[in-house]
Amino acid sequence: MTFSRVVFLLLFMNFQQLFAQEKYCNDSPAFVIYDKEGQQVPYSAMLKGVSEADVCLFGELHDDPVSHWLELRMIKNLHTLKGEKFIVGAEMWERDNQLLLDEMMRDGLIDGPTYMESSKLWPNMETDYLPLLQYAKSNDIPFIATNIPRRYARIIYKKGIEYLDSLSDLAKSYLPPLPVHFNLDESIYRIMAAPFPTDEEFEKMKAEGKTGNNPMTSGRPSNLVKAQAIKDATMAWFIKESMDEDSYFFHFNGELHSANYTAIYYYLGYYAPELDVATISIVKTGDVLVFDEKNRERADYIIQVPDDMMKTY
């Protein structure tokens with residue numbers, strides 16, 4: 001075979017490979033990432049974008065396997081980028097769990113099984129969140145419990161925000177500074193309040209004996225919204241309190257706790273306006289390859305997963 005023939009065949013094979021690479025497309029992906037304008041972006045672009053902020057709020061779907069896989073992948077990648085500056089925290093751990101977390105992860109005083117026995121854990125802890133915790137422990141990454149103990153959020157709904165003043169100093173250490181700032185005009189809280197009567201309407205219904213036994217009407221409707229808002233305030237406060245000037249905080253939470261630049265995002269702006277905050281939202285849709293316009297500007301990055309994605313629990 002002549003030299004020119006060999007060169008021709010090599011070039012032909014290279015062109016075939018290039019053509020095949022350009023032609024190949026996964027037409028049934030598990031997820032597709034979009035920026036807030038609805039343009040598809042690769043994972044590497046999203047990673048770079050959120051890494052340039054001080055805080056990343058990852059809005060997950062709690063029973064979604066894509067959410068949890070991406071959280072673990074991002075923790076690994078961001079840890080590589082940020083090194084000792086990297087901190088992880090989550091809604092799924094309440095503030096009064098921090099001591100147990102530290103005893104297990106930082107101090108090595110208790111082992112994993114003892115921690116699991118002693119802690120308040122979500123039902124999908126072992127399948128969805130334990131791998132994240134294990135990676136953080138193996139790599140000496142600080143892990144912060146950011147959420148309010150649920151008993152206080154429930155009592156706020158039933159008895160009112162005034163109840164917090166009667167708590168002990170230890171209990172107050174699990175909360176943001178009192179009195180807690182509330183802005184119930186934030187879009188997420190207006191949406192939450194919409195199905196319920198106003199406080200004035202509720203009092204009238206109560207006087208007329210029309211509230212019934214519905215547990216959602218056992219307290220003033222505004223207290224229901226405040227019980228949600230104080231979760232966002234607490235998470236934002238302890239994100240801020242856990243950081244120093246050079247820190248980078250990766251926080252995962254339910255998608256509605258950071259969607260549309262509200263909730264935790266709003267409170268970070270209130271408590272720490274100097275922080276640059278990036279957001280990610282996981283949403284379900286019919287066709288992941290077509291951007292769902294209702295998600296435009298829902299977050300800095302919107303990750304669409306199929307409606308029929310399997311659930312973890």
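Using a 30° and 60° split on the angle between ring planes, His181 and Tyr267 fall in the perpendicular class, above 60°. A perpendicular orientation is assigned to the rings of His79 and Tyr135, their planes being inclined by more than 60° (bins at 30° and 60°). Classified by interplanar angle (parallel below 30°, tilted 30° to 60°, perpendicular above 60°), the ring pair Phe252/Phe250 is tilted. Aromatic ring orientation, Trp122 versus His62: perpendicular (interplanar angle above 60°, classes split at 30° and 60°). Note on ring orientation: taking the six-membered ring where Trp is involved, the planes of Tyr248 and Phe86 are parallel (angle under 30°, cut-offs 30° and 60°).
No side-chain donor-acceptor contact under 3.5 Å links Gln228 and Asp232. Between the side chains of Thr127 and Asn124, no donor-acceptor pair of N or O atoms lies under 3.5 Å. A donor atom on one side chain and an acceptor atom on the other are found under 3.5 Å apart for Tyr115 and Asn97. Residues Thr312 and Asp63 have side chains that never bring a donor and an acceptor to within less than 3.5 angstrom of each other. Defined by atom type and a distance below 3.5 Å, a donor-acceptor pair is present between the side-chain atoms of Ser258 and Asn253.
Remark: Arg73 is positioned above the aromatic ring of Tyr43, its terminal NZ or CZ atom under 6.0 angstrom from the ring centre and at most 45 degrees off the axis. Relative to the six-membered ring of Phe182, Lys226 meets both conditions, a distance below 6.0 Å and an angle of at most 45° to the axis. For the pair Arg296 and Phe291, the cation does not sit on the ring face, since its NZ or CZ is not both under 6.0 Å from the ring centre and inside 45° of the axis.
Ring centroid separation for the pair Phe58 and His251 does not come in under the 6.0 Å cut-off.
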Subject >> Working for salt bridge (Lys or Arg N to Asp or Glu O under 4.0 Å), residues Glu91 and Lys231 >> reply: CA-CA 9 Å; Glu91 171 196 0; Lys231 296 178 183 180; over 6 Å; no
Subject >> Steps toward salt bridge (Lys or Arg N to Asp or Glu O under 4.0 Å) verdict (Asp96, Lys120) >> reply: CA-CA 10 Å; Asp96 54 353; Lys120 296 177 293 182; 3.2 Å; yes
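Linking Ile, Leu, Val, Met, Phe, Trp and Tyr residues whenever their side-chain heavy atoms come within less than 4.5 Å leaves Leu256 and Leu57 in two separate clusters.
No donor-acceptor pair closer than 3.5 Å links the side chain of Asn139 to the backbone N or O of Ile141. The main-chain N or O of Val290 is found under 3.5 Å from a side-chain atom of Gln304 such that the two form a donor-acceptor pair. Panel note: side chain Thr114, backbone Ile110; no donor-acceptor pair is recorded below 3.5 Å. Looking only at distances, a side-chain donor or acceptor of Arg95 sits under 3.5 Å from a matching main-chain atom of Ala145. With Asp292 contributing its side chain and Thr285 its backbone, the two residues share no donor-acceptor pair below 3.5 Å.
The line from OG1 of Thr279 to CG of Asp300 is 4.0 Å long, rounded to the nearest 0.5 Å.
Ion pair Lys48/Glu52 flagged as a salt bridge, since at least one NZ, NE, NH1 or NH2 atom sits closer than 4.0 Å to an Asp/Glu carboxylate oxygen.
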